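Each chain gets a letter, A, B and so on, in the order its sequence line appears, and its residues count up from 1. All figures in this text were calculated on a predicted structure; none of them were measured in a lab. Every heavy atom of this structure was used, including side-chain atoms; hydrogens, water molecules and symmetry mates were not.
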Protein chains: 4
Amino acid sequence: MPASPKATKKEIVTAFRTREILAAARKLLEQRGPEAMTMGEIAAAAGVAKGTLYLYFQSKDDLIQALIAQVGENILHDVEVSLVAPGTPPEKLIRMVSVLLEYLNRDRLLFPIYARELLQGEGASREGFRRRYQELEEKFVTLVTRLFADGIAAGQFISANPRLLTFLIRGLVRATGYYQKAEGQADAAKEALPVILTLISSGLIREKQSLAEEAAL
Amino acid sequence: MPASPKATKKEIVTAFRTREILAAARKLLEQRGPEAMTMGEIAAAAGVAKGTLYLYFQSKDDLIQALIAQVGENILHDVEVSLVAPGTPPEKLIRMVSVLLEYLNRDRLLFPIYARELLQGEGASREGFRRRYQELEEKFVTLVTRLFADGIAAGQFISANPRLLTFLIRGLVRATGYYQKAEGQADAAKEALPVILTLISSGLIREKQSLAEEAAL
Amino acid sequence: MPASPKATKKEIVTAFRTREILAAARKLLEQRGPEAMTMGEIAAAAGVAKGTLYLYFQSKDDLIQALIAQVGENILHDVEVSLVAPGTPPEKLIRMVSVLLEYLNRDRLLFPIYARELLQGEGASREGFRRRYQELEEKFVTLVTRLFADGIAAGQFISANPRLLTFLIRGLVRATGYYQKAEGQADAAKEALPVILTLISSGLIREKQSLAEEAAL
Amino acid sequence: MPASPKATKKEIVTAFRTREILAAARKLLEQRGPEAMTMGEIAAAAGVAKGTLYLYFQSKDDLIQALIAQVGENILHDVEVSLVAPGTPPEKLIRMVSVLLEYLNRDRLLFPIYARELLQGEGASREGFRRRYQELEEKFVTLVTRLFADGIAAGQFISANPRLLTFLIRGLVRATGYYQKAEGQADAAKEALPVILTLISSGLIREKQSLAEEAAL
DNA sequence: GATGAATGAGCCTTCATTCAT
DNA sequence: CATGAATGAAGGCTCATTCAT
């Protein structure tokens, strides 16, 4: 029957359009920020009419949510994979950091560092955007916190609040993203990976003895 | 003491109003973000009429810049103090991290983690806000980069791009800010400081031997 | 005739709307002046929403400039035609005055007497309006000044600064416009034309001898 | 009794302030127009506080009315004097034109050509300004129209609507004002006076014969 | 009387969203 | 389905006017 393939073709076109629009929106989101970016700009960049955007997304906020979901689910999936693969917690941690850093180079993707939304209270506009971003964040934190909890329990990580450790690790990845952006480098991740691994494994400071005194303070 | 206090009284009122407005704006900035926050809201929160804001600031952008300047100059000053005081580079680094973390508890202060502006291109609105924030950032990075460069030259830090190290350290402080906000804790800094110091001095991972293998990968 | 009229239909609608808006704006400009006239009033008078005006004109100033350009180019063109047609300078002068006076009756047109902008310095608002108006003025003055210069050289006009004569002729036309407006007459131009022609050709005063004495004073 | 001189002194100060404010306002009115000119600017130019203006004038509109009245009464008075002095109507006309032209050089005074207000309908803002200006105009027109009526009755002027003639004469004076402004000359009036007198007495065109044919059309 | 900080109505302009074609 | 002209709510900003000092 021709109906099913026809419907499928339609779905393919729809999916294609959706991706095109999201791709255009992503670039604009990074360049101009969520508020400054207008629906008109997105439409122009995607090569469609303004009204067409509303055939694919209910609102601007909805579009931004889809953007985050699209990216976020990919990241979360890859992070999850890196954590369920066999290995000790430290091994898993290292794999996960590598995965996160790779995202900084894929698709010019800056979402891992799109952190400002986390700061905003309930009154903020783009309510949906914020909420979605925080959900994503929460899922990530939950996953990684478990890793740290396991590792701490096994005596393989320093003894600290595993949730705090999760935030700190994420902070290092974000910092790399800002570094990449600020320095205009194409591949900051490659440079940062070994440095972050060294930091994680043995710290920044070479003369441990003097530090021991400091820590005593 | 007639004339002088009279002139001063007006100045006091002006200074007081300015601070009131900035305080109201700061709260709103955190709650709603720079775009969503309207001059009307700021005025209402400060208990003045909309037009009054324009007696103290030339524009919305100007007001936000003042907000940043107010905070930023304090931070920069304290950071600078912590760096010129005597001590080895590692000692200075630790002092500086302490200073930065203290700011997370002072004045509900979230600016140290107000990083999104760094991501945006020239087209973004509130040009002045972004520029000012980036200037602040640049000054900070320059200061700390020098510290790392010195420490690396003296063999006291690991050998890495000092600028990258600066971004990473800052990332840890920011992460603490997000942690504090996300967890709703009053004093995340106190909890995070020893963890960050340990991380800096000896890493997160206890079993160094296994890590050596990882690094070989 | 399928594609072409379709594209044309949209253009026709656009052109129609543009004219509607300009017509509404013209009436308001005369009633209230360029500053007092608001975009809201224009929109209401044109039967569209305020935002719609910005689909046709970039700004209020732009709209007013379009208004002037629309009218001004017509006038200039007709004046030019009246000056290049064959005839002696006096004949041309008379033709031109007739053309100008005709404009006072066409389209409730008062622009030929919209002179205030000429008085204002650079600080005035609606910079574009003023500039455009002065450009128009300058073109007109240049054209007519040449006519007077030619006529004076040929001994057909009294010997005087041709530029001054241009201003005086224009002053008579403007005066007729004010007369029409003030008296509420429909066709002041018809009444004024022979009077102005007589004035130009032989003056207002009948007893030339007495005047000669006066001039001697 | 000291009360009376004291009151007088106060009146003197008041009158002085009033004149100072009006002088400052007049300059601004010419530079920026009645709408663009702000009360703040007037106050600054007059060297007083903004609130002080409201001790001398009820409103901005009231201030502008006073401005017109001040100037207008002077002009009207001088025109009246020139018309009641002995002489034939043509003599009086010439005297009056001289008086009007003199005003163009006095006090940088441009009011005689401040004609735009005449165009505006009832809806315009600065209602009082417009009304006052039109009253002034009406008085002037009444005065001069009587002169022309007398002269026409005596056969000394061409036979035409005396009111129209009044507008035309006034148009010549205004034109001189625009000429002075446009050309940036200091003393356009001196140059224009003989030209206008010649125009009034015998027209612009020298070859009367050819004109006679034209007039026949 | 004089001041000028404060007010708030009202303006121009933008932009997410709708809907007739 | 796609379009883009139209909408109108809302924002930043100005400025005439008021009033406590």
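- Nearest approach of D:Leu136 to D:Glu73, heavy atoms of both residues: CD1-N, 4.4 Å.
- Mapping A:Tyr56 and C:Arg17 onto DNA chain F by nearest heavy atom places A:Tyr56 closer to the 5' end of the strand.
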Short N/O separations, protein against nucleotides 10-13 of chain E, under 3.5 angstrom:
| unit_1 | atom_1 | unit_2 | atom_2 | d |
| --- | --- | --- | --- | --- |
| E:dG10 | O6 | B:Lys50 | NZ | 3.3 |
| E:dC12 | OP1 | C:Lys60 | NZ | 2.9 |
| E:dC12 | OP2 | C:Met39 | N | 2.9 |
| E:dT13 | OP2 | C:Tyr54 | OH | 2.7 |
| E:dT13 | OP2 | C:Lys60 | N | 2.9 |
| E:dT13 | O5' | C:Tyr54 | OH | 3.4 |
| E:dT13 | O4 | C:Lys50 | NZ | 3.1 |

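- In this structure, B:Leu53 atom CG and E:dA9 atom P are separated by 16 Å, rounded to whole Å.
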Pairs under 3.5 Å (Watson-Crick or G-U), crossing ones as [ ], inter-strand ones as |: DNA chain E comes out as .||||||||||||||||||||
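- For C:Glu135, the CD atom counts as densely surrounded, since its 6.0 Å shell holds more than 12 non-hydrogen atoms of other residues, nucleotides or ligands.
- The side-chain hydrogen bond (donor to acceptor under 3.5 Å, both in side chains) test applied to A:Gln134 returns no partner, not counting sequence neighbours.
- Pairs engaging residues 37-53 of chain A under the salt bridge (charged side-chain N to carboxylate O under 4.0 Å, His left out) rule: A:Arg32-A:Glu41 [sequence neighbours left out].
- Scanning for side-chain hydrogen bond (donor to acceptor under 3.5 Å, both in side chains) contacts around A:Arg17 gives an empty result, with sequence neighbours left out.
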- Message: Please determine whether side-chain contact (heavy atoms from CB on, under 4.5 Å) holds for the pair C:Val71 and C:Leu67, giving the CA-CA distance in whole Å, both sets of side-chain angles, and the decisive distance to 0.1 Å.
- Response: CA-CA 6 Å; C:Val71 173; C:Leu67 221 42; over 6 Å; no
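- Nucleic acid contact for B:Val13: none, since no nucleic acid atom lies under 4.0 Å from a heavy atom of the residue.
- Bounding nucleotides for the chain A contact on DNA chain F, 5' to 3', at a heavy-atom distance below 4.0 Å, are F:dC1 to F:dA6.
- Residues A:Leu22 and A:Phe57 form a side-chain contact, since some pair of their non-hydrogen atoms from C-beta on lies under 4.5 Å apart.
- Residue contacts shown for D:Thr14 are absent, as no nucleic acid heavy atom lies under 4.0 Å away.
- When every heavy atom of B:Lys60 is checked against every heavy atom of B:Glu35, the shortest pair comes out as NZ-O, 3.3 Å.
- Contact annotation: the side chain of A:Met39 approaches that of A:Leu63 to within less than 4.5 Å [non-hydrogen atoms, C-beta and beyond].
- When side chains are defined from C-beta on, A:Gln70 counts as touching A:Arg26, because their heavy atoms get closer than 4.5 Å.
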